[in-house]
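Have a look at the structure below, then the notes.
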There are 2 protein chains.
Amino acid sequence: MSGEPIHAELIAVPVAVTGARPRVLTLFDGSALPAGPLESGHRSLQAGLRNWAERLTGHPLGYVEQLYTFADPARSRTGRSISISYLALTAETRTPLGGRVSWQDWYRYFPWEDRREKIATIETAIKPGLDHWSAGSDEHRARASLCFGLDGAAWNEDLVLARYELLYEAGLVREAARDGRPAHGAFAPGAIMTADHRRILATAISRLRAKIKYRPIVFELMPENFTLLDLQRCIEAIAGHTLHKQNFRRLIESQKLLEETGSLASGSGRPAKLFRYRPEILAERAHAGTRLTLARS
Amino acid sequence: MSGEPIHAELIAVPVAVTGARPRVLTLFDGSALPAGPLESGHRSLQAGLRNWAERLTGHPLGYVEQLYTFADPARSRTGRSISISYLALTAETRTPLGGRVSWQDWYRYFPWEDRREKIATIETAIKPGLDHWSAGSDEHRARASLCFGLDGAAWNEDLVLARYELLYEAGLVREAARDGRPAHGAFAPGAIMTADHRRILATAISRLRAKIKYRPIVFELMPENFTLLDLQRCIEAIAGHTLHKQNFRRLIESQKLLEETGSLASGSGRPAKLFRYRPEILAERAHAGTRLTLARS
DNA sequence: CGAAAATATGCTCGTTTCGAGCATAAGGAG
DNA sequence: CTCCTTATGCTCGAAACGAGCATATTTTCG
């Protein structure tokens with residue numbers, strides 16, 4: 001194998017959920033994700049990623065999963081570089097973080113993705129821009145409707161990345177202006193990040209929202225013991241919408257992923273039973289949370 | 001960003017389904033996948049991949065989707081390299097392929113993955129080796145059971161990669177011996193490939209099997225017009241198991257992804273209606289094939 | 001202390017989706 | 001004309017879902 005030598009960068013999206021809010025670990029006061037170059041000392045990509053993330057933030061990554069690899073369009077001088085991004089699930093610790101390292105609510109970057117409470121972000125702050133962008137193009141209008149659930153289309157929570165990319169294409173996020181794309185109205189609300197880090201965060205959220213539906217990875221974000229409501233709030237925080245409590249309970253119990261600890265949680269109302277993830281399941285990893293289809297025969 | 005310069009390789013897994021058999025486009029008489037280094041002339045990773053695949057095989061890639069990126073464990077001298085793999089869906093053409101380029105039935109590499117007809121591959125050729133490997137380790141036994149549906153566990157068709165990796169770990173595929181791992185009995189049947197190409201193929205099959213269940217990508221593999229049975233056979237070929245015909249028909253029709261062409265297909269029995277993928281849907285790409293859950297509220 | 005508020009939990013009901021089959025329709029081969 | 005083969009329609013019971021009603025326990029507040 002030959003080809004020009006290039007540089008490889010490892011980028012982490014460390015996620016935690018603390019008290020009903022999803023958080024992402026950032027550098028420079030929320031403007032960048034932890035990242036660093038792949039070095040020869042790294043035994044593997046994941047090892048390199050963990051090394052960098054911990055070195056930069058002082059916080060160890062837990063469960064790690066590769067997201068996507070992309071290359072910048074050959075920005076000549078410095079030579080080409082590719083970025084390999086990872087989703088990391090951890091628990092937020094109270095350990096003080098150094099310098100400008102901080103946990104940020106991820107909806108700070110995507111306010112329109114949080115629909116747990118009725119807020120008209122999209123109607124008032126995004127739809128006008130989309131209308132302007134899609135005026136005169138049925139194709140634009142159709143895409144906007146599908147992504148943002150306009151014109152009677154249903155809202156699909158998994159389309160975080162598609163929505164961000166559409167806003168970028170439409171010149172409705174600041175990154176687009178920064179990169180020299182034409183504008184179509186006021187910017188959508190939401191904090192900007194350096195380079196394409198906000199896009200990577202969107203990728204991470206998309207993946208996480210999709211994956212919690214068929215794999216038991218939420219537990220990577222939960223403490224040892226928790227109540228069913230804790231678990232529900234965590235999932236709601238990630239999914240960005242609320243769930244029907246009794247049905248959620250039924251679903252979880254039918255999966256048999258949890259076991260009671262025997263103790264109860266204190267709180268403002270009736271105490272709830274505490275549960276923990278069934279250790280036996282940890283080995284399996286195969287099914288769980290599933291609900292496949294396509295009958296055999 | 002700095003870090004040592006490395007080499008990046010782009011690897012394609014070009015898949016087609018022809019007459020009820022899934023095929024993969026290979027080089028060197030089935031022993032390697034098309035691959036080549038990322039070059040500065042490539043506008044993007046995907047562009048580079050398409051370029052290499054077409055140059056090597058003479059066959060253009062159709063739909064392309066990134067699979068996974070991995071690094072070899074720093075094989076010193078030549079410098080480090082990373083590989084970025086892609087799944088590509090196309091239609092097999094009758095165009096003659098040059099040299100040692102050929103389409104191969106992918107079950108040639110994973111005979112145990114084809115369960116459309118009852119064949120005791122696993123019982124006779126794999127279980128003995130697994131038994132030997134897991135003798136004395138409950139953890140090994142549990143993993144083997146879950147992966148291969150032993151001891152009453154259900155068979156999960158999506159675990160192609162997990163099964164291959166387990167066989168590798170257990171020293172039951174030739175690559176393991178080649179890489180110097182201890183053996184645990186006769187090798188499982190199935191053709192070997194160069195480097196880790198067979199593992200990449202397993203990754204591609206896993207992804208494809210999982211994805212056809214919730215996204216309408218099968219159509220990338222179908223001709224313009226087809227009967228419902230054609231479509232069913234294609235999916236069965238990929239999934240490795242047969243489907244209940246009437247229910248399959250009901251499912252497909254309920255999704256409204258297809259429209260009748262008006263003509264009929266000839267054949268051995270009653271002529272079947274021909275369908276085509278609804279062009280309007282091409283724009284959507286969002287839902288389709290779905291069957292999510294988690295009630296809102 | 002008694003009532004109101006806040007949660008936790010149990011259960012029901014009508015609707016859909018799924019898995020399995022029975023039955024009928026429409027060509028081709030002998 | 002009859003049999004074989006594949007296409008299609010429909011039904012039935014089970015399981016999964018979406019929405020609520022009802023009850024049980026605690027804490028909080030007047």
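Below, chain A is the first sequence line, B the second, and so on; all start at residue 1.
- Distance, A:N247 CG to D:dA15 P: 18 Å, rounded to whole Å.
- Put simply, the side chain of A:D114 gets close to the backbone of A:R116: a donor and an acceptor are under 3.5 Å apart.
- If you take NE2 of B:H241 and C1' of C:dG19, they are 13 Å apart, rounded to a whole angstrom.
- Remark: side-chain polar atoms of B:T90 are not paired, donor with acceptor, to backbone N or O of B:A16 under 3.5 angstrom.
- Sorted by residue number, the members of residues 222-234 of chain B with any non-hydrogen atom under 4.0 Å from DNA chain D read B:L229.
- One can place NZ of B:K245 at 17 Å from C1' of C:dG19, the figure rounded to the nearest angstrom.
- Note: CD1 (A:I252) to C1' (D:dA16) measures 15 Å, nearest angstrom.
- In this structure, the CG atom of A:L251 is 16 Å from the P atom of C:dT9, given to the nearest Å.
- For the segment residues 259-272 of chain A, the set of residues with a heavy atom within less than 4.0 Å of an atom of DNA chain C comprises A:S268, A:G269, A:R270, A:P271, A:A272, in numerical order.
- Using cut-offs of 30° and 60° for the angle between ring planes, the A:H59 and A:W103 rings count as perpendicular.
- Listed nucleotides C:dG21, C:dA8, C:dT12 differ in distance to A:R250; the shortest reach to its side chain belongs to C:dT12.
- B:F248 places its CZ atom 16 Å from the P atom of C:dA20, with the value rounded to the nearest Å.
- A donor-acceptor contact shorter than 3.5 Å is absent between the side chain of B:R199 and the backbone of B:Y164.
- One interatomic measurement links the two molecules: CG of B:L243 to C1' of D:dA7, which rounds to 17 Å at whole-angstrom precision.
- Atom CD in B:Q246 sits about 11 Å away from atom C1' in C:dG19, given to the nearest Å.
- Taking side-chain N and O atoms only, A:K273 has no distance below 4.0 Å to OP1 or OP2 of C:dA8.
- Listed by chain and residue number, nothing satisfies the salt bridge (charged side-chain N to carboxylate O under 4.0 Å, His left out) test with B:R250 (two or more places apart in sequence, or in another chain).
- More than 12 heavy-atom neighbours from other residues, nucleotides or ligands sit within 6.0 angstrom of CG on A:D151.
- Note on ring orientation: taking the six-membered ring where Trp is involved, the planes of B:Y277 and B:F219 are parallel (angle under 30°, cut-offs 30° and 60°).
- In this structure, B:R23 fails the cation-pi test against B:W106, since its NZ or CZ atom is not both closer than 6.0 Å to the six-membered ring centre and inside 45 degrees of the ring normal.
- The main-chain N or O of B:L243 is found under 3.5 Å from a side-chain atom of B:E236 such that the two form a donor-acceptor pair.
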